Amino acid sequence: MVNIFRSARERHVLFSSLLATCLFALVATHAKATLVAGDPSLDSGWTSSGNALDKNNYVIGAANFGFDMYTASFAADSSLAAAVGSGWSTGDTILAMGGKRQSTNGIAAGWGIGFGGDPVNSNVTSSARIVAKFGSLISNSVTASTVQPAGGNGLGSFSGGNLGDGAVLLGTPNNGGFFTSGNQGLFLSFLTNQRYVASSNTTPSIANSFGRIIYKLGGDGLLDSWEVVLDQTLLAASFVDVPTVGALSILTEQRGPNAVTDGLLTVSATAVPEAGSFVLGAFVCSVAGVVIAVRRVNHSQLQSA
C-alpha cells in the first residue's frame with residue numbers, strides 16, 4: 001500500500017486544501033439561491049430589467065406608474081414548495097417577475113423629453129392592482145412603445161394574443177383591499193388566472209394553483225414591492241404550450257379600469273440552484289477529495305520509481 005503522506009506537514013497541506021475546496025463549493029452553490037421574500041431589489045437571485053417607463057421597456061398606459069422590474073427562473077426548494085402547497089413540489093421550475101416602486105423622469109428613462117400624462121406614481125393608492133402576463137415563444141408579438149409616456153403605442157394585449165399561444169395572465173383584484181399590512185410576507189393566490197388559446201382566440205380561466213404573489217408595503221402603507229412566481233412544471237402537467245424563459249412578457253401596475261402602465265421584460269434564464277444546493281456542494285467536495293488523493297498517490301509513485 002502506497003503511503004501518500006510523507007510527513008505531518010504534507011497531511012496538513014492536503015487537508016487544508018481539501019477544506020478550502022469544500023468551503024468554496026458549499027458557499028458557491030448556496031450563495032446563488034433565489035430568495036422570494038417580497039422585494040426583488042433586495043432578494044438574491046433576481047435580475048434587473050430596468051424601469052417600466054424606460055425607453056424600450058414602456059409599452060402603453062397613461063398612468064405613469066414608475067417601478068423597477070426584475071426577473072428570475074429557478075428550481076423550487078422545499079421551503080417554497082411547502083409555503084405555497086397546492087401541488088408545488090421541490091425541484092419544480094419556477095418563472096418569476098417582480099417590481100419595486102421607483103420614480104423616474106423622461107431624461108433618466110432615456111426618452112430625451114419629459115413625460116406626458118399623470119405625474120409619476122401619483123396614481124399609487126391602496127387600490128393598486130398587479131397583473132403579470134407570462135409570455136410564450138409561440139407567435140409572440142409583444143413590442144415596446146416608440147413614443148414616450150403617456151402616448152404609448154406598444155403591443156402587449158393578452159386577449160389580443162400578443163403574449164403568444166399558451167401565455168398566462170395572473171391578476172390581483174382591482175377594487176382595493178388586497179395589499180394590506182396583514183397579508184405582507186404571505187404567498188397569495190390571484191383572483192384572475194387565465195391562459196390564452198390561439199386556436200379559438202379565447203382566454204379561459206385556469207386553476208389558481210399555478211401562480212402566487214408576495215409583497216411588501218412602503219412607509220406610506222402603500223404597495224412598494226412585489227414578486228410573482230409561476231410554477232411552469234405544474235402548468236406543463238396540464239397544458240402543452242406554456243410560458244418559458246426568453247419569452248417577451250408584461251408586468252402591469254393598475255388602478256381602476258383605465259390607469260395602467262405596462263412594462264416589457266424577458267424572464268431571465270438564470271437557472272440558479274435552489275433545492276439541493278448543499279447536496280451539490282457536498283458532491284463537489286467529495287470529488288475534490290478523490291482528485292487530490294489520486295494526485296498525491298501518483299506523485300508518491302513517481303517519486304518512488
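These numbers were taken from a predicted model, which means no experiment stands behind them. We use all heavy atoms of the structure for the numbers below, so side chains are in, but hydrogens, waters and symmetry mates are not.
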Residue pair S122 / N64, side-chain donor-acceptor N/O under 3.5 Å: no
Count I, L, V, M, F, W, Y as connected when their side-chain heavy atoms are under 4.5 Å apart, and connections chain through other members. Are V59 and V260 then in the same cluster? no
When clusters are formed by joining ILVMFWY residues with side-chain heavy atoms under 4.5 Å apart, either directly or through shared neighbours, do F187 and F134 land in the same one? yes
Output for pair (S145 OG, L155 CG), nearest 0.5 Å, gives 9.5 Å
Transitive ILVMFWY side-chain link F158 to L191, under 4.5 Å: no
Does one hydrophobic cluster hold both L235 and V267, with members joined at side-chain heavy-atom distances below 4.5 Å? yes
Any heavy-atom pair between the side chains of S209 and L234 that's under 4.5 Å? yes
Polar side-chain atom of W111 near backbone of L53 as donor-acceptor pair, under 3.5 Å: yes
Checking N57 side chain against S49 main chain: does a donor-acceptor pair fall under 3.5 Å? yes
Backbone N or O of A37 within a donor-acceptor pair of the D43 side chain at under 3.5 Å? yes
From S157 OG over to K133 NZ, what is the distance, rounded to the nearest 0.5 angstrom? 6.5 Å
Might you work through the side chain to side chain contact (heavy atoms under 4.5 Å, CB included) test for D224 and K100, ending with a clear yes or no? CA-CA 6 Å; D224 190 61; K100 167 70 174 180; 2.5 Å; yes
Say whether, by atom type as modelled, one donor and one acceptor occur between the side chain of T202 and the main chain of P204 under 3.5 angstrom. no
Please identify which of these residues, V36, L170, L95, meets the side chain to side chain contact (heavy atoms under 4.5 Å, CB included) condition with V228. L170
Please tell me if the side chains of P40 and S225 come closer than 4.5 Å, counting only heavy atoms from C-beta onward. yes
Count I, L, V, M, F, W, Y as connected when their side-chain heavy atoms are under 4.5 Å apart, and connections chain through other members. Are L230 and L265 then in the same cluster? yes
Locate the shortest heavy-atom distance separating F65 from A52; write the atom from each residue and the value. O-CB, 4.5 Å
Determine the minimum heavy-atom distance between G156 and L163, stating which atoms define it. O-CD2, 3.6 Å
May I ask you to check whether over 12 heavy atoms, not counting those of K55, lie within 6.0 Å of atom NZ? no
Minimum heavy-atom separation for M97 to A132, with atom names? SD-CB, 3.7 Å
Looking only at the side chains, is there a donor atom on one of D262 and T252 sitting less than 3.5 Å from an acceptor on the other? yes
Rounded at 0.5 Å granularity, tell me how far OG1 in T172 sits from CD in Q254. 8.5 Å
N183 vs L188, test: side chain to side chain contact (heavy atoms under 4.5 Å, CB included). Steps then yes/no. CA-CA 8 Å; N183 284 335; L188 305 174; 3.8 Å; yes
Will you find, in the side chains of S268 and T71, an N or O donor that is under 3.5 Å from an N or O acceptor? yes
Where V229 and F74 come nearest, the two heavy atoms and their spacing: CG1-CZ, 4.4 Å
Do N51 and T104 pair up side chain to side chain, a donor and an acceptor below 3.5 Å, judged on atom types alone? no
With sequence neighbours left out, what residues match F179 under ring-ring contact (aromatic ring centres under 6.0 Å, His included)? Y215
Nearest heavy-atom approach of S136 to G164 is OG-C, 3.4 Å
Verify, without hydrogens or angle tests, whether Q184 (side chain) and L217 (backbone) share a donor-acceptor contact under 3.5 angstrom. yes
Side chain to side chain contact (heavy atoms under 4.5 Å, CB included), that's the test. Do I213 and F178 meet it? Break it down for me. CA-CA 11 Å; I213 185 170; F178 184 83; 4.1 Å; yes
With distance as the sole test, does N201 use its side chain to make a donor-acceptor pair with the main-chain N or O of A198 at under 3.5 Å? no
Nearest atoms (heavy-atom pairs only) where W226 meets E253: CH2-OE1, 3.6 Å
Salt bridge flag under 4.0 Å for residues D220 and R101: yes
dist I206:CD1 -> T203:OG1 (nearest 0.5 Å) comes out at 10.5 Å
Give, for atom OG1 of T266 and atom CG of L248, the distance between the pair rounded to the nearest 0.5 Å. 4.5 Å
Look at the side chain of D92 and the backbone N and O of S89, then say whether any donor-acceptor pair between them is shorter than 3.5 Å. yes
Quick check against the 3.5 Å criterion: does N121 have a side-chain atom that pairs as donor or acceptor with the backbone of V124? no
Any donor-acceptor N or O pair under 3.5 Å, side chains R129, N174: no
Between N193 (side chain) and L169 (backbone), is there a donor-acceptor pair under 3.5 Å? no
Can you check whether F190 reaches N208 side chain to side chain, under 4.5 Å on heavy atoms? no
Would you say R212 and S86 make side-chain contact, with heavy atoms under 4.5 Å? yes
Taking the side chain from Q102 and the backbone from D68, do they hold a donor-acceptor pair closer than 3.5 Å? no
N140/D165 under side chain to side chain contact (heavy atoms under 4.5 Å, CB included): CA gap, chis, key distance, verdict: CA-CA 7 Å; N140 189 305; D165 193 14; over 6 Å; no
State the CZ-OG distance between F210 and S189, to the nearest 0.5 angstrom. 13.0 Å
